[in-house]
Amino acid sequence: MTDPAPTFAPGQRWAYRTRPGEEGSTLIVLRREAVDGEALLHVQLQGLRIPSPLTESGLTTSIGHLPIREAEVRQSVTKLLEEGVAADDGGGYDTWRAAHARGEAGFFTLPVSQIVTLMEEAVRDAAAGQGGLFRKSNR
């Protein structure tokens, strides 16, 4: 990375340390904010290759909204590719914000590539009817 401490801003597209086979995947910064005393980035990932029997093509190629602690994004990015990128999270931030206010949503504290792997596991488990990562219990 050329800048050891990048400054993140909405509309930036970054290359990041991807999973094998997803080298073309990029991260777009949607929003930056402080939540619960942590610096967070809300990002979108594009160019993924997550196998998914739940989609017509058999692949999930993007994640519209992920709240991630800024420190983990900082460790994951490798190069600023573009600025001024327009991205729509499809209401993901608003949904997350409302769930967070109810105490039902948090944020990720893992490198981006590990989050993608967790998402792949969740999709696989959901397709198998196992609920996976996002299973909720009212016990």
Side-chain angles (χ1 to χ4, degrees):
M1 182 169 21
T2 56
D3 182 355
T7 300
F8 294 107
Q12 293 175 331
R13 182 185 304 273
W14 290 85
Y16 68 97
R17 289 177 187 83
T18 64
R19 304 182 316 160
E22 292 179 328
E23 290 80 6
S25 176
T26 59
L27 174 153
I28 299 171
V29 177
L30 302 170
R31 181 182 300 254
R32 184 177 191 207
E33 70 177 332
V35 175
D36 300 334
E38 296 280 358
L40 294 190
L41 292 176
H42 297 269
V43 305
Q44 181 174 100
L45 302 180
Q46 297 178 344
L48 300 172
R49 298 193 51 79
I50 300 173
S52 175
L54 305 174
T55 64
E56 187 175 314
S57 69
L59 286 177
T60 295
T61 59
S62 65
I63 298 174
H65 172 258
L66 287 172
I68 308 173
R69 190 167 56 183
E70 187 173 318
E72 278 69 33
V73 175
R74 187 172 306 286
Q75 293 171 0
S76 296
V77 298
T78 58
K79 182 180 179 184
L80 178 62
L81 301 173
E82 185 179 6
E83 296 188 72
V85 176
D88 180 3
D89 72 0
Y93 173 79
D94 293 335
T95 300
W96 174 84
R97 197 70 176 125
H100 185 269
R102 294 188 307 268
E104 297 175 355
F107 50 86
F108 289 98
T109 58
L110 297 168
V112 174
S113 64
Q114 287 182 26
I115 295 168
V116 175
T117 297
L118 284 175
M119 293 295 171
E120 181 173 344
E121 292 169 5
V123 167
R124 184 186 59 235
D125 291 350
Q130 298 175 1
L133 179 65
F134 302 108
R135 179 177 42 224
K136 184 172 178 178
S137 171
N138 290 324
R139 294 188 242 173

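Residues take their numbers from the sequence shown, with the count starting at 1.
Atom CD1 of residue I68 and atom CG of residue L66 lie 5.0 Å apart, to the nearest 0.5 angstrom. We find the CZ-OG1 distance between R49 and T18 to be 12.0 Å, quoted to the nearest 0.5 Å. The CD1 atom of I28 sits 13.0 Å away from atom NE2 of H65, with the distance rounded to the nearest 0.5 Å.
In terms of hydrophobic clustering, with Ile, Leu, Val, Met, Phe, Trp and Tyr side chains grouped at heavy-atom distances under 4.5 Å, V85 and L80 are assigned to different clusters. Placement of L81 and V73 in two distinct hydrophobic clusters is found when ILVMFWY residues are connected by side-chain heavy-atom separations under 4.5 Å, directly or transitively. The hydrophobic cluster containing V123 does not contain L59, counting ILVMFWY residues as joined when their side-chain heavy atoms lie under 4.5 angstrom apart, directly or transitively. Under the 4.5 Å side-chain contact rule for hydrophobic residues, L40 and L27 do not share a cluster.
Minimum interatomic distance between S62 and Q46 (heavy atoms only, all atoms of both residues): CB-CA, 4.2 Å. What you find for V77 and W14 is that their closest heavy atoms are CB-CE3, 3.6 Å. The two residues L110 and I115 have their closest heavy-atom pair at O-CD1, 3.4 Å. The minimum heavy-atom distance linking P10 with R31 is given by the pair CG-CA, 4.2 Å. What you find for P111 and S76 is that their closest heavy atoms are CA-OG, 3.6 Å. Residues P67 and G106 come closest through the heavy atom pair CG-O, 3.7 Å.
Looking at heavy atoms from C-beta onward, L48 lies out of side-chain contact with M119 at the 4.5 angstrom threshold. Considering only heavy atoms from C-beta on, H42 stays 4.5 Å or farther from F107 through its side chain. In this structure the side chain of T78 reaches within 4.5 angstrom of the side chain of R17, judged on heavy atoms. Looking at heavy atoms from C-beta onward, L30 lies out of side-chain contact with Y93 at the 4.5 angstrom threshold.
Between the side chains of Y16 and S25, at least one donor N or O sits under 3.5 Å from an acceptor N or O.
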After noting the C-alpha distance and the side-chain angles of R74 and L41, does the key distance pass the side chain to side chain contact (heavy atoms under 4.5 Å, CB included) rule?
CA-CA 10 Å; R74 187 172 306 286; L41 292 176; over 6 Å; no

Pair W96-V35, side chain to side chain contact (heavy atoms under 4.5 Å, CB included): steps then yes or no:
CA-CA 12 Å; W96 174 84; V35 175; 4.1 Å; yes

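More than 12 heavy atoms of other residues, nucleotides or ligands shown are found within 6.0 angstrom of CZ on R13.
Without hydrogens or angle criteria, Q12 side chain to A9 main chain gives a donor-acceptor distance under 3.5 Å. E22 contributes no side-chain N or O that, together with a main-chain N or O of S113, makes up a donor-acceptor pair within less than 3.5 Å. Proximity of a side-chain donor or acceptor of E23 to a complementary backbone N or O of G21 within less than 3.5 Å is detected.
Judged as a salt bridge (charged side-chain N to carboxylate O under 4.0 Å, His left out), and not counting sequence neighbours, the contacts of E72 are R69.
Residue pairs meeting the salt bridge (Lys or Arg N to Asp or Glu O under 4.0 Å) criterion with at least one partner in residues 106-120, sequence neighbours excluded, are R19-E120. Pairs engaging residues 86-96 under the salt bridge (Lys or Arg N to Asp or Glu O under 4.0 Å) rule: none recorded [sequence neighbours left out].
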